[in-house]
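Only one structure is covered here, and it is reproduced in the block below.
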Amino acid sequence: MLVCCYTVSRCVAADGADGAAVTACGCFSEFRLAVVQLQVRSVKADNLSRARRLVKEAAGQGSAVVLLPECFNSPYGSSFFSKYAEEIPGESTQMLSEAAREHKVYVVGGSIPEEDGGKLYNSCTVFGPDGGMILKHRKIHLFDINVPGKICFQESETLSPGNTYCKVGVGICYDMRFAELAQIYSRKGCQLLVYPGAFNMTTGPAHWELLQRARALDNQVFVATASPARDESASYVAWGHSTVVSPWGEVISKAGPEEAIIYADIDLQYLSDIRQQIPITVQRREDLYTVTCAQDGSS
Ligand SMILES: NC(=O)CCC(=O)C(=O)O
């Protein structure tokens with residue numbers, strides 16, 4: 001999977017088979033990334049058909065990777081998760097697989113509420129151009145916050161956290177706040193971190209761009225976020241502003257609040273150049289500090 005470029009042989013497929021994603025790894029040094037800021041509404045079938053159409057449009061513009069938002073098939077909110085939840089594979093992931101195969105692109109399928117064994121998860125799946133599922137990432141940091149008078153949201157009332165991270169650089173929304181996760185991904189060789197996410201009207205203006213730029217700069221990686229488009233009539237109003245940030249920390253592409261596709265031409269040589277110019281990746285004092293993984297992380 002090219003968002004990883006961990007090394008081709010270490011990529012892990014959804015079925016756990018090491019190396020099965022070798023062609024998917026591809027390791028292009030330049031490619032076009034499309035971020036689809038979908039207007040998510042209450043009719044699941046409409047969300048799926050619009051997502052499919054926008055993947056097609058993005059592919060037609062030469063994109064190799066298309067990123068969808070968090071909860072692209074369902075309004076975001078605790079009262080919706082169980083109603084819209086599906087097993088994986090299911091209707092929504094079937095659509096992602098078909099769209100990836102039909103248009104010969106990688107699709108990072110934002111996330112959907114996933115039902116498994118009586119529990120609900122917030123899960124991202126990634127499909128390669130052959131329609132095969134490369135990985136599934138379950139959101140590992142549930143969004144439980146309380147900013148008095150502004151926003152109180154408790155994902156843990158309905159969702160369970162995933163307990164593994166994957167070997168490509170995928171996090172979901174609140175996961176972006178955890179710098180260690182991004183550090184681990186970049187140590188494993190990820191050069192692009194993708195975060196489908198739905199920040200809100202309180203934390204969005206304050207933190208959304210800042211977090212992306214921080215993750216990008218700290219790790220000298222590209223960072224892309226995909227939000228649902230803003231719907232002022234929704235119970236949870238998403239901030240929008242899907243963004244792509246370069247390893248220099250610059251915003252290279254950014255949507256407004258409305259439905260849109262944004263594009264960024266990712267050049268991994270540029271990333272290497274920055275890592276040579278400011279060589280923090282080789283200047284770390286691992287004799288004094290280090291970030292360790294509690295487990296192997298395969299998912
Ligand atoms: N869906 C989420 O995880 C939202 C996270 C968020 O808004 C934040 O401020 O963090």
Side-chain angles (χ1 to χ4, degrees), residues 35-42 47 51 67-85 92 108-114 119-125 136-163 165-166 169-183 185 193-216 218 223-232 234-243 245 254-257:
V35 178
V36 173
Q37 182 163 289
L38 184 72
Q39 185 75 71
V40 177
R41 297 209 191 271
S42 57
N47 295 330
L67 172 62
L68 294 172
E70 182 177 31
C71 273
F72 79 91
N73 70 349
S74 155
Y76 182 78
S78 298
S79 61
F80 301 107
F81 296 143
S82 64
K83 178 167 171 227
Y84 287 77
S92 299
V108 183
S111 76
I112 63 168
E114 178 199 3
K119 289 188 175 175
L120 298 178
Y121 302 91
N122 187 342
S123 303
C124 175
T125 50
K136 178 171 80 176
H137 169 80
R138 289 175 170 161
K139 186 175 189 173
I140 54 182
H141 302 99
L142 294 182
F143 177 45
D144 287 354
I145 67 164
N146 185 7
V147 183
K150 298 281 188 188
I151 176 168
C152 176
F153 199 101
Q154 302 291 313
E155 270 192 334
S156 63
E157 284 171 357
T158 44
L159 300 179
S160 299
N163 292 317
Y165 60 90
C166 49
V170 178
I172 301 177
C173 204
Y174 200 55
D175 285 339
M176 183 164 64
R177 288 187 179 270
F178 296 84
E180 297 88 340
L181 181 65
Q183 271 175 277
Y185 280 144
L193 306 183
V194 292
Y195 294 98
F199 271 40
N200 53 75
M201 301 300 285
T202 299
T203 60
H207 301 152
W208 174 249
E209 183 181 308
L210 186 60
L211 283 166
Q212 295 171 62
R213 296 183 70 192
R215 297 296 84 88
D218 278 352
V223 172
T225 54
S227 170
R230 190 175 305 165
D231 175 359
E232 301 281 359
S235 54
Y236 180 97
V237 181
W239 171 238
H241 293 96
S242 300
T243 306
V245 179
K254 186 168 189 174

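These numbers come from a predicted model, not from an experiment. Atoms within each ligand, like the ligands themselves, are counted from 1 in listed order.
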Identity and distance of the protein heavy atom lying nearest atom 7 (O) of ligand 1: N200 ND2, 2.9 Å
Part of W208 within contact of ligand 1 (heavy atoms, under 4.0 Å): neither
Protein contact of atom 10 (O) of ligand 1 - nearest heavy atom, named by residue and atom, plus distance: R177 NE, 2.7 Å
N73 (side chain) donor-acceptor with N47 (main chain) under 3.5 angstrom: no
Mutual orientation of the aromatic rings belonging to Y236 and F143 [parallel < 30°, tilted 30-60°, perpendicular > 60°]: perpendicular
Under 3.5 Å: donor-acceptor pair, side chain of W208, backbone of W239: no
Contact with ligand 1 for H207, non-hydrogen, under 4.0 angstrom: no
Check: S123 side chain, I112 main-chain N or O, donor-acceptor pair, under 3.5 Å: no
Heteroatom proximity flag, Y76 to ligand 1, N/O under 3.5 Å: yes
Donor-acceptor contact present, side-chain Y195 to main-chain V223, <3.5 Å: no
Check: T225 side chain, T243 main-chain N or O, donor-acceptor pair, under 3.5 Å: yes
Close approach of A198 to ligand 1, heavy atoms, under 4.0 angstrom: yes
Euclidean distance, E114 CD relative to L159 CG, rounded to 0.5 Å: 10.5 Å
Distance-only donor-acceptor check, side chains E70 and N122, under 3.5 Å: yes
Sub-4.0 Å atoms of ligand 1 with respect to non-hydrogen atoms of Y174: 3 (O), 10 (O)
Any side-chain heavy-atom pair of P69 and Y76 under 4.5 Å: no
For E70, atoms of ligand 1 separated by under 4.0 Å from a heavy atom: 1 (N), 2 (C)
Atoms of ligand 1, numbered as shown, that sit under 4.0 Å from any heavy atom of Y236: 4 (C), 7 (O)
Heavy-atom gap Y195 to ligand 1 smaller than 4.0 Å: no
Which of the ligand 1 atoms, numbered from 1, are nearer than 4.0 Å to a heavy atom of K139: 1 (N), 2 (C), 3 (O)
Atom 9 (O) of ligand 1 [closest protein heavy-atom partner, distance rounded to 0.1 Å]: T203 OG1, 2.6 Å
Residue and atom name of the nearest protein heavy atom (relative to atom 6 (C) of ligand 1), distance in Å to one decimal: F143 CE1, 3.3 Å
Those atoms of ligand 1 less than 4.0 Å from some heavy atom in C173: 1 (N), 2 (C), 3 (O), 4 (C), 5 (C)
